[in-house]
Amino acid sequence: TVAALASGKKSKKRRIPRPRLRTVIVSTIIVLLLAGASGSAYALYTFTGNQRPVPVLTGLSLDQARAVSKQAKIKMIFDGEKFSEDVPVGKTFDQSPAQGTKIYPRQYAHVAVSKGPEPRTVRGFVGLRYDVASAELQKDLFKVKKIDRVDEQIPAGQVLEQNPANAKAARGAEVTLVVSSGPKPRTIPQVASMSRDAAVAAISAEQLQVAFKEDFNNDVPAGQVAGTTPAAGSQLARGSTVTIVISKGPDLVTVPNVVGQGIVSAASILRGAGLVPGDVRGTSDRPVFDTDPPIGTKVKRGSTVAMYTR
C-alpha cells in the first residue's frame, strides 16, 4: 500500500493456510477417484455384467431367429446369404457364438441364411449310352428324367438330347435325357392268299427280313401264302424276321382197309391213319365190310369215317 511504501515496508502475498490446502487437494482426489470408479463400474457392467447365454438360432427363418434373439435379449447380426450343401434354402445356419455361449450386452450373435447348395456343372452326355449318362449324373447328385423318342438313325439307348448340359445347376436339379428307342416298330402286313413274290415285296417294304416255311392248309391252294409267323398286324423292330408260310394244300390221307376187322380194331386203325371213327352202321358185334368214304379214298386228315357191318 501507499502507506506501506511510504514507511518502507514490503507487502506480503495472501497465502492459503496449509490445512485448508490439504483439504482442497484431498477433495479433488476423492472426486476424481469417484468419477473413475463410476466409469469403471459402468464399463465393468457393460462388458462383464449381466451376461446371457446365446439361444439356438439355426434352422429357423431369419424372422424367427430375430424373434428368438430378441426374446433372449441378445443382439443378432445377419451375415447374409451363403451356400450350404445341407441346410434348406431360407433357413439360418453358421451361428457364432454357439448355442449356450454366454456373451456380454455389447457383443453380438451372428447367423447366415442358406441359399442352398452351390451350383455345380452339369456335364454333357449326348451321344453316350443312357445307362452311362444316368449313372454319372446321379453320382454328381442330379436327378435324371428319361424321355424315349423314336429315331430311325440313332441306335436304341443312346442319348439324343440333354437339358441342361454344360451349364450350372443346383444339387438335386432335374436333368432331362432324351433317349433313342430306335426305329419305330414295323407292322406285319396281311399277305395271306398272295403269291410268294408279292408277299416278299410287301414285307420287305416294311424293312423286315423274310424267311419261308411250307405247311399243309386245308383252305389255301398249294403254292399260295397261307399266312405269316408272327401273324399279320403284329409289331416288330425294324430288321426283324418274318416267316412266310407257303401252303402245301390240304393234308390228305388214304382211308385204310379195315374190312374184316371188328369195330374196336377198325376204329384203332382209322385213328392211326389220322382219321376219326364215325357211326357204326349195322350190328356192332359183326366185322366191318365197308366204310364211308370208301377204302382207298383220299380225304383230309381228321375227316370222319363211318363203318358198315352186316
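This chain uses plain numbering: 1 for the first residue, then up along the sequence. The structure displayed is predicted, hence computed values, not measured ones.
- No side-chain donor-acceptor contact under 3.5 Å links S84 to the backbone of S114.
- You'll find the side chain of V288 reaches within 4.5 Å of the side chain of I263, heavy atoms only.
- Not one N or O on the side chain of T243 forms a donor-acceptor pair closer than 3.5 Å with the backbone of T228.
- For the atom pair OG of S303 and CG of N218, the computed distance is 8.0 Å after rounding to the nearest 0.5 Å.
- The closest donor-acceptor contact from the side chain of Q162 to the backbone of F125 lies under 3.5 Å.
- Contact detail for T304 and P293: the closest heavy-atom pair is O-CD, 3.8 Å.
- Residue V144 is grouped with residue L128 when hydrophobic side chains (ILVMFWY) are merged at heavy-atom distances under 4.5 angstrom, including chains of intermediate members.
- T92 places no side-chain N or O within donor-acceptor distance of the main-chain N or O of V113, the cut-off being under 3.5 Å.
- In the hydrophobic cluster analysis, where Ile, Leu, Val, Met, Phe, Trp and Tyr join through side-chain heavy atoms closer than 4.5 angstrom, V200 is grouped together with I246.
- Atom CZ in R52 sits 12.0 Å away from atom OG in S69 (nearest 0.5 Å).
- Classification of E152 and R186 as a salt-bridged pair holds, one side-chain N sitting under 4.0 Å from a carboxylate O.
- Checking side-chain atoms of S240 against main-chain N and O of A237 turns up a donor-acceptor pair under 3.5 Å.
- Checking side-chain atoms of T309 against main-chain N and O of T283 turns up a donor-acceptor pair under 3.5 Å.
- For D279 (side chain) and R281 (main-chain N/O), no donor-acceptor pair under 3.5 Å exists by modelled atom type.
- The two residues Q99 and V56 make their nearest non-hydrogen contact at CD-CG2, 3.2 Å.
- Taken together through direct or relayed side-chain contacts under 4.5 Å among Ile, Leu, Val, Met, Phe, Trp and Tyr, V245 and F216 form parts of separate hydrophobic clusters.
- A heavy-atom distance below 4.5 Å is not found between the side chains of V242 and V210.
- The salt bridge (charged side-chain N to carboxylate O under 4.0 Å, His left out) analysis of residues 196-213, with sequence neighbours excluded, yields no pairs.
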Please determine whether side chain to side chain contact (heavy atoms under 4.5 Å, CB included) holds for the pair V68 and L57, giving the CA-CA distance in whole Å, both sets of side-chain angles, and the decisive distance to 0.1 Å. CA-CA 7 Å; V68 169; L57 299 174; 3.8 Å; yes
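- In this structure, M76 and L62 have side chains that are in contact, with non-hydrogen atoms separated by less than 4.5 Å.
- The two residues V191 and A199 have their closest heavy-atom pair at CB-CB, 3.8 Å.
- Of all the heavy atoms in L275 and K300, the pair that sits closest is CD2-O, 3.9 Å.
- Side chains of Q51 and I103 form no contact here, defined as non-hydrogen atoms less than 4.5 Å apart.
- Listed by first and then second residue, the salt bridge (charged side-chain N to carboxylate O under 4.0 Å, His left out) pairs involving residues 258-274 amount to none (not counting sequence neighbours).
- Tested against D140 for a side-chain hydrogen bond (donor to acceptor under 3.5 Å, both in side chains), the candidates R123, R171, R120 yield a single pass: R123.
- Taking 4.0 Å as the cut-off between side-chain N and carboxylate O, K82 and D94 count as a salt-bridged pair.
- Linking Ile, Leu, Val, Met, Phe, Trp and Tyr residues whenever their side-chain heavy atoms come within less than 4.5 Å places I74 and F78 in a single cluster.
- Heavy atoms of other residues, nucleotides or ligands lying less than 6.0 angstrom from CD of Q71 number 12 at most.
- Of all the heavy atoms in K298 and T254, the pair that sits closest is NZ-OG1, 3.2 Å.
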* Asked: Going through the distances and angles, do Q235 and T187 end up as a side chain to side chain contact (heavy atoms under 4.5 Å, CB included)?
  -> CA-CA 4 Å; Q235 291 194 322; T187 301; 3.3 Å; yes
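- Cluster annotation: I295 is not connected to V253 through the hydrophobic network of ILVMFWY side chains, with a link wherever side-chain heavy atoms come within less than 4.5 Å.
- Each of V150, D148, I154 was checked for a side chain to side chain contact (heavy atoms under 4.5 Å, CB included) with S180, and the lone residue meeting it is I154.
- R129 contributes atom CZ, which lies 12.0 Å from atom OG of S134 (distance to the nearest 0.5 angstrom).
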Evaluate Q158 against D151 for side chain to side chain contact (heavy atoms under 4.5 Å, CB included), listing each step before the verdict.
CA-CA 10 Å; Q158 187 169 316; D151 194 286; over 6 Å; no
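- Judged purely by atom type and a 3.5 angstrom limit, Q64 uses its side chain to pair as donor or acceptor with the backbone of S61.
- For the pair V126 and L160, the minimum side-chain heavy-atom distance is 4.5 Å or more.
- The structure places CG of N163 at 10.0 Å from CD of E174, a figure rounded to the nearest 0.5 Å.
- Using a 4.5 Å heavy-atom cutoff, the side chains of Q95 and V54 are in contact.
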Handout entry: Residues E214, F212; criterion side chain to side chain contact (heavy atoms under 4.5 Å, CB included); working and verdict
Key = CA-CA 7 Å; E214 291 185 339; F212 297 96; over 6 Å; no
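- At least one side-chain heavy atom of L177 sits less than 4.5 Å from a side-chain heavy atom of L137.
- Between L208 atom CG and I188 atom CD1 the span is 6.5 Å, to the nearest 0.5 Å.
- In this structure the side chain of F83 reaches within 4.5 angstrom of the side chain of K115, judged on heavy atoms.
- Residue K75 holds its NZ atom at 13.5 Å from NZ of K70, rounded to the nearest 0.5 Å.
- Residues V220 and N217 come closest through the heavy atom pair N-OD1, 2.8 Å.
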